[in-house]
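Every heavy atom of this structure was used, including side-chain atoms; hydrogens, water molecules and symmetry mates were not. The first residue in the sequence is number 1, and the count goes up from there.
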Amino acid sequence: MHALFARALGFGLATVALSGASQVSPAWQSYAANPDAHPTIPNVAYAGYNSGIGPLPTVNDGRAIVNVSTFGAVAGDANDDTQAIRDALAAARGFATIDPDGVAVVFDAGEYIVSGPLFVHSSNTILAGAGQQQTTLRFTESLTSSHAEYTSWGFSGGMIWFVAEDRETYRQGVPTITGLDVFWSTGSPSSGFAAGAQLGDRSVTVSNAGQFAPGDYVFVQMDNATDLSTLRHLFGDGVWANTYPFNPVMDGKILPQSRSVFRSVHRIESIAGNTVMFEEPLKHDARVEWNPQLRTPQRVLRNVGIRDMTLRFDRSYEWTISVHNDEPGYNGVCMNAVINGFIENVSFRNTDGLAVNLNSTKHVTVRNTDIGADSAALRPMHHAYVIANSFDVLVQDFVIDARPLHGLYMGNVSMGCVYSRGVVADGTFDYHKILPYSNAYTEIMINNSGSAGGASDSGPRMGARHAHWNIDTLNSSGTIIAQPDIMPKGTLVGVRCVPLGPTVNPIAGESEALIENSGRFASAPIPGNLHDAQVALRLGQPIDITPGDSCNNCGPDAVYVFAGASQIGQDLDGQDNWVLARDFSGFGTIATLSVDN
């Protein structure tokens, strides 16, 4: 779609070793000295497809090609192509099982008419268009009208749906359903720990490692202890965690009575005897008293994705709060129980419930995506991006030119995930409760106009070790984004253009958050992107220490105008924060900067 965030200030990117920088963030230096077990800064260096290393799959990597035209789908003829595309997907399943490189279902340039959901049920399968602006899939129906009557399409499912067939598939007619089988499930083999482990450990000792092999993905599962010690650990084991008064009314969904275990997902790098070495460090303790185990994910898809197209929805109604959680389901791409997935160079237009839904996933990359609408009336929506029950997800180089109620969702015991390099015309950091833990938002410009969601009995807004790093709030609002009192053992570095909230929570006390260079007139930190710097550190590469923009030297009248007439930026107290032009090349200029000094 675009080469996101090309700098237009007349200087190039300088990449030098950290040792040569005199203005490097002290918070970064403390992280670099203890990257696997830093008390407040999460390690998100393993986020993304294949742990973020190497290119994403394409049609040119040797895989078999199935063109939808072979099955009768003709771009631009205004005929319904649904069955032809489904036939192509069915044929692709055969190639996916026999071709070691997998299969690509290919769409030529033009517009295809689709009147129902498209399910991808096979691993090693990708969907690929001719280009983000060359291929369009136009969906004429919603999930409600074409798949099933269901009260939760506002946060479930997608018109392109990657999921194992025995979880969800095409239905006869349009029945009424009461639930979906889309969450992680476990089975054999499994093995208990022979000894406990701590945050940052890369190896664990189990009773029977012979059941596993290098490359396997496994759950690290631990009991939600009745003495609340597991919960207090995931809230940071500090003042905040030990003072917060957990109770069934406010916290029922995370208490042991309703959630008996917590899990994270890891990839095995090597095995020696009964010692299992993981690729990435443990994100939390696994204490003996919590009955830690290795367990195996079941009924998953692997190595799947979609690229190079636009998904456009024929939504005619204007979303309002009256349909909140009752949307018909003009939803984009959904991945459930997926390991190694991706969405690259995809535009979404006129979605209502959500554009991207990642629920129960591991190692997924969403890159170069934009969410918008064909008219101002269609800009309001429920969710933009959803990360739930997921691990090591990377959403990178994104634009939201819509008006989601929530925005950048992070919830439901997700860990190691990161939103990186984005421009958000409306929305917020949507910590949706049920204990998201150890995630990050970095290098984001956001008009913080949305609201965070989550049921009243789902616990505090977030768990421990969340980082907001290099966040420009555009003089909008500091709610959630600049509130350290709701971030137990969290980190705020370079959060700017709004006043900073207190660190003391009225219920739980001192958050012990690490705060550096944040507030209305703060400047961007060095390094400017926490995720990029962590990856470079992991790989032993130089770290970009290019100076960023700040809030205290801008003109009073700067407006960031999106194609489609929406804008962010306003005259507030003689200050604004836009000092970089944003050139989304390849797509045309989506947004330009105007500054009146």
Side-chain angles (χ1 to χ4, degrees), residues 34-39 42-46 51 183-237 241 254-300 337 339 360-363 389-392 412-417 435-439 463-465 489:
N34 184 23
D36 291 349
H38 194 280
N43 185 342
V44 294
Y46 296 83
S51 75
F183 299 104
W184 290 114
S185 56
T186 71
S188 297
S190 63
S191 180
F193 282 29
Q198 295 182 318
L199 167 70
D201 285 352
R202 290 176 178 265
S203 63
V204 298
T205 302
V206 299
S207 58
N208 184 5
Q211 306 173 84
F212 307 102
D216 284 353
Y217 282 84
V218 293
F219 291 113
V220 172
Q221 177 176 296
M222 56 190 183
D223 290 348
N224 188 5
T226 56
D227 65 0
L228 303 187
S229 59
T230 320
L231 275 177
R232 296 194 191 283
H233 174 64
L234 294 176
F235 282 99
D237 278 329
I254 62 172
L255 290 175
Q257 295 91 321
S258 58
R259 179 176 289 271
S260 59
V261 299
F262 290 104
R263 302 186 185 110
S264 55
V265 182
H266 292 262
R267 182 160 61 186
I268 295 176
E269 185 173 80
S270 62
I271 298 174
N274 282 326
T275 298
V276 176
M277 177 72 72
F278 295 130
E279 177 187 46
E280 69 266 45
L282 284 179
K283 297 175 174 64
H284 51 72
D285 288 357
R287 301 174 190 170
V288 171
E289 58 266 32
W290 298 339
N291 186 32
Q293 304 173 43
L294 294 189
R295 300 186 68 89
T296 304
Q298 300 290 313
R299 304 156 63 215
V300 301
I339 295 174
S360 302
T361 66
K362 165 76 171 181
H363 280 161
N389 303 296
S390 291
F391 307 93
D392 303 297
N412 301 72
V413 198
S414 293
M415 303 182 189
C417 303
L435 231 173
Y437 166 85
S438 193
N439 305 288
R465 303 178 68 239
K489 292 287 184 74

Working for side-chain contact (heavy atoms from CB on, under 4.5 Å), residues M222 and R263: CA-CA 7 Å; M222 56 190 183; R263 302 186 185 110; over 6 Å; no

S191 vs Q293, side-chain contact (heavy atoms from CB on, under 4.5 Å): CA-CA, chis, key distance, verdict: CA-CA 6 Å; S191 180; Q293 304 173 43; over 6 Å; no

Chi angles and distances behind the side-chain contact (heavy atoms from CB on, under 4.5 Å) call for Y217, V300: CA-CA 11 Å; Y217 282 84; V300 301; over 6 Å; no

Chi angles and distances behind the side-chain contact (heavy atoms from CB on, under 4.5 Å) call for L282, V220: CA-CA 9 Å; L282 284 179; V220 172; 4.1 Å; yes

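The structure places OG1 of T296 at 7.5 Å from CD of Q211, a figure rounded to the nearest 0.5 Å. Rounding to the nearest 0.5 Å gives a distance of 11.5 Å between OG of S414 and NZ of K362. Between the CE atom in M415 and the CG atom in D392 there is a gap of 10.5 Å [rounded to 0.5 Å]. One distance of note links CE of M277 with OG of S270; it measures 5.0 Å at 0.5 Å rounding. Rounding to the nearest 0.5 Å places OG of S260 at 12.5 Å from CG of L255. Residue R287 holds its CZ atom at 6.5 Å from OG of S229, rounded to the nearest 0.5 Å.
Side-chain contact annotation: N34 with H38, donor-acceptor N/O pair under 3.5 Å absent. In this model, a donor atom of one side chain and an acceptor atom of the other lie less than 3.5 Å apart for S264 and H284. Looking at Q298 and T186, their side chains never bring a donor and an acceptor atom within 3.5 Å of each other. Judged by distance alone, the side chains of T275 and S203 never bring a donor and an acceptor atom under 3.5 Å apart. In this model, no donor atom of one side chain and acceptor atom of the other lie less than 3.5 Å apart for Y46 and H363.
In this structure, the side chain of N439 engages the main chain of Y437 through a donor-acceptor pair within 3.5 Å. Panel note: side chain N291, backbone D223; no donor-acceptor pair is recorded below 3.5 Å. Looking only at distances, no side-chain donor or acceptor of E280 sits under 3.5 Å from a matching main-chain atom of D36. One N or O on the side chain of N274 and one on the backbone of A209 form a donor-acceptor pair closer than 3.5 Å. Remark: side-chain polar atoms of T361 are not paired, donor with acceptor, to backbone N or O of A337 under 3.5 angstrom. When atom types are taken as modelled, the side chain of R232 and the backbone of A241 share a donor-acceptor pair closer than 3.5 angstrom.
The nearest pair of heavy atoms linking G416 to K283 is CA-CE, 3.7 Å. Contact between S360 and S390 at its shortest, heavy atoms only, is N-OG, 3.3 Å. Taking both residues in full, the closest heavy atoms of G273 and I271 are given as O-CG2, 3.5 Å, listed atom of the first, atom of the second, then distance. The two atoms that bring A225 and P256 nearest to each other are O-CG, 3.4 Å, heavy atoms only. The two residues R465 and P39 come nearest to each other via the heavy atoms CG-O, 3.3 Å. Considering all non-hydrogen atoms of both residues, V44 and C417 come closest at CG1-O, 3.7 Å.
V218 has its side chain within reach of I268: a pair of non-hydrogen atoms, C-beta onward, lies under 4.5 Å apart. Here the side chains of F183 and N389 are in contact, with some heavy-atom distance below 4.5 Å. Two residues are said to be in side-chain contact when any heavy atoms from C-beta on lie closer than 4.5 Å; V413 and F262 meet this criterion. Using a 4.5 Å heavy-atom threshold, the side chains of W290 and V261 count as separate. Counting heavy atoms from C-beta outward, S51 and E279 have side chains that approach closer than 4.5 Å.
Ring geometry for F391 against W184 counts as tilted: the plane angle lies between 30° and 60°, on a 0 to 90° scale.
Under the 6.0 Å cut-off for aromatic ring centres, H266 and F219 do not qualify, their centroids lying 6.0 Å or more apart.
Among I254, D285, N224, the one residue that satisfies the side chain to side chain contact (heavy atoms under 4.5 Å, CB included) test with T230 is N224.
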